[in-house]
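Each remark here refers to the structure printed beneath this line.
These numbers come from a predicted model, not from an experiment. Here is how names work: the chains are called A, B, and so on, in the same order as the sequence lines, proteins then strands, and each is numbered from 1.
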Amino acid sequence: MSIHEKGKAKHVTEKHDEKYKVETKPFAAWLILTLGTIGLFLIIASSIAFGAADIQLSTVWQGVFQFDSSNPAHQIIRELRLPRALAAALIGAALAVSGTIMQAMTRNPLASPSIMGVTAGASFLMAIAYAALPGLHYSGLMIFSFAGAGLGAALVFGITAASKGGMSPVKLALAGTAITTLLSSLSTAIGIRFDVAKDISFWYAGGVAGVQSTSVLYLLLPVAIGILLAIFLSRSLTVLSLGEDVAKGLGQNTGRTKLLGTIAVLLLTGAAVSIAGMIGFVGLVIPHITRFLVGLDYRWIIPCSAVLGGILLVVADIAGRMINAPFETPVGAVTALIGVPFFLYLARNEGRNI
Amino acid sequence: MDSFGQQWKKTISVLSILSVAIIVMFFVSLNTGLTKIPPLEVVKTIFGSGDEGTKMVLFDFRLPRMVLALLVGAGISLAGAILQGVSQNALADPGILGINAGAGFAVVLFMFFSQGTGFAIGALSIFSLPFTALGGAFVAALLIYVIAWKNGVTPVRLILVGIGINSAFGAAMLVFQLMMEPNDFTKALVWLSGTIWGTNWTFVLALLPWLLIFTPIAFYKGRVLDVLNLGDPMAIGLGSHVERERRILLIIAVALAGACVSVGGGITFLGLVAPHLAKRIVGAKHARMLPVTVLLGAFLLLTADTLGRVVLAPAELPVGLVVSVLGAPYFIYLLMRTR
């Protein structure tokens, strides 16, 4: 690019900045961030308090901050309930942010980890890991999950990008469905052949029940990196969500944004799937709600969607425990029942409104 | 007129080749499995001079399963062909739209509420299963149609709404499955992944009437499908009651798919692959294409079932899984070619 052109580009950039001023609602965003965070903590506390053994909220506070190992209630809190609630919050946030990034990058309102085959890819490689390397440590399983998330995403995006007429919301959804069917069939076949079908389906539908405190620590790292990366990218994502041409016109290195965005998606989805199995629709619904509430600036959307995603999944987990007590309804089924009506609404508009 | 005659000749030769292929596959399939029965023995047994053991394996285990594979394959493929014609969408399939899931949900509900009543085992339950599945299939189809309706139904909306309905029924199924006794849970799970093992003649008898009634009607309606293919304005111009015909055809497709799902479980992609291959071989005219679809679907499902027994022997793969693994790549190939 010659100096002359560069100057021109800069000029255009300034003009475009005015033209593409996106609608934001910072007040609503601050409200969500402050009240939402407080709400998230309250809901986590009630998730800890709720269960077969009744625990007072005050005991929850003591159990977390003044731990007494001789108190059985404190033991329950530390070993079972706290990891579970924290994992739900982290996974909800991870899936929501992952969906947000995907929708911004593809400008596709139906983009989300479960619809786009990312979740199925992660489960497929997890099934292979269960079969080929039984007794593999959790951190090892997680790596398989990351790789699988990458595989699923690469397949679905590759297929739609290589197809005639390019990417459309319908094509992404159909390719995602096909890849999901294919990979989950292969997972089931592996499960039957190597006699690990029970392990796989237990983990697949297991949600956050029985999460251990060590896995929460393993979960924390990739989710934190993923969300920080997303926040770091948020400015570029806003521009990218206006369209690839606009982003290029504004002098953005779209390739770099997409690469980093994809890495964030794989980290977030892979980590979430490795612990909780199949949890659909969080990554679809939350980004839409957040955009509706705070406007189109991703600097606000990403942190807000993390908070809202966390709240949604903790609430869904509590609901899953309540619906058919004392049995647990998988949290993935609860999120699907919440998310499907929303998906149908988008489908009626043929996936056009973003 | 000459080319017309030629195309019919081609169709007839394709049909006869397929019939031969099915017979060959039949014997191959009989010969695979834990107890091998040589073809000569099979012929002898059928004509009543084999030994008792062979007779039992053949008539009580192998034959019902294979006959069922043929029937289910034929029915699902025909349903897929009609759905594609009605929706004017090359990617329509009862498994991808939520129709199979609706039928599946109804069957799971049925299993859930009949568990432990003794009703679950009897022949009466097997005969009422197709009706249950049919109810579920119709509810799903109706939901898809109503939700996708917005001054008419476009193929894109139909497919997207179908995907949503599919996951809704999937989630609801999971909820009920987990409330079941472990034994019933396994039964439901195996059934849902598309299976025709452990079947007996009662299942065949339960499915047969549905196919005998609806297949001829579908063939008879082939001309209507041809007219619909020309697009709505042209079809109306040719004097066809488009919306009414479309509904009748939809009912036929849903009835076929529902009945097949009730005994065969969730089999995805077969209803997509068979009609497409048939169209490739003998062209888009339904009078020629539908019979080829039926035989091809029967052949493919029997082959998939045989493969499922061989690939991971001695473990058996549900036939639905085999079909998905083979059919998904074809679906993806079609997806990449359509605009």
What one should report as the nearest heavy-atom pair of B:Leu335 and A:Lys171 is O-CE, 3.4 Å
Sequence neighbours excluded, the answer for side-chain contact (heavy atoms from CB on, under 4.5 Å) partners of A:Thr180 is A:Ala120
Closest heavy-atom pair, A:Ala347 versus B:Leu160, reported as atoms and distance to 0.1 Å, is CB-CB, 3.6 Å
The interface call for A:Phe342 against chain B, heavy-atom contacts under 4.5 Å, is neither
Looking only at heavy atoms, the pair that brings B:Ala328 and A:Leu182 closest together is CB-CB, 3.7 Å
Output for pair (A:Ser187 OG, B:Leu321 CG), nearest 0.5 Å, gives 10.0 Å
When the 4.5 angstrom heavy-atom criterion is applied to B:Phe269 and chain A, the contacting part is side chain
Rounding to 0.5 Å, atoms OH (A:Tyr345) and CD1 (B:Ile147) come to a distance of 14.5 Å
Whatever's closer than 4.5 Å to a heavy atom in chain A on B:Leu326 counts as neither
Looking only at A:Val334, A:Thr329, A:Thr181, A:Ile179, the option with the highest number of non-hydrogen pairs under 4.5 Å against chain B is A:Thr181
Are the side chains of B:Phe331 and A:Leu174 in touch, meaning some heavy atoms are under 4.5 Å apart? yes
Heavy-atom closest pair (B:Ile332 atom, A:Ala178 atom, distance to 0.1 Å) is CG1-CB, 3.9 Å
Highest number of heavy-atom pairs under 4.5 Å with chain B among A:Ala336, A:Ala175, A:Ser185 belongs to A:Ser185
Closest non-hydrogen atoms of B:Ala171 and A:Leu337, given as atom of the first, atom of the second and distance, are CB-CD2, 4.2 Å
In short, A:Leu344 meets B:Gly164 closest at the heavy-atom pair CD2-CA, 4.1 Å
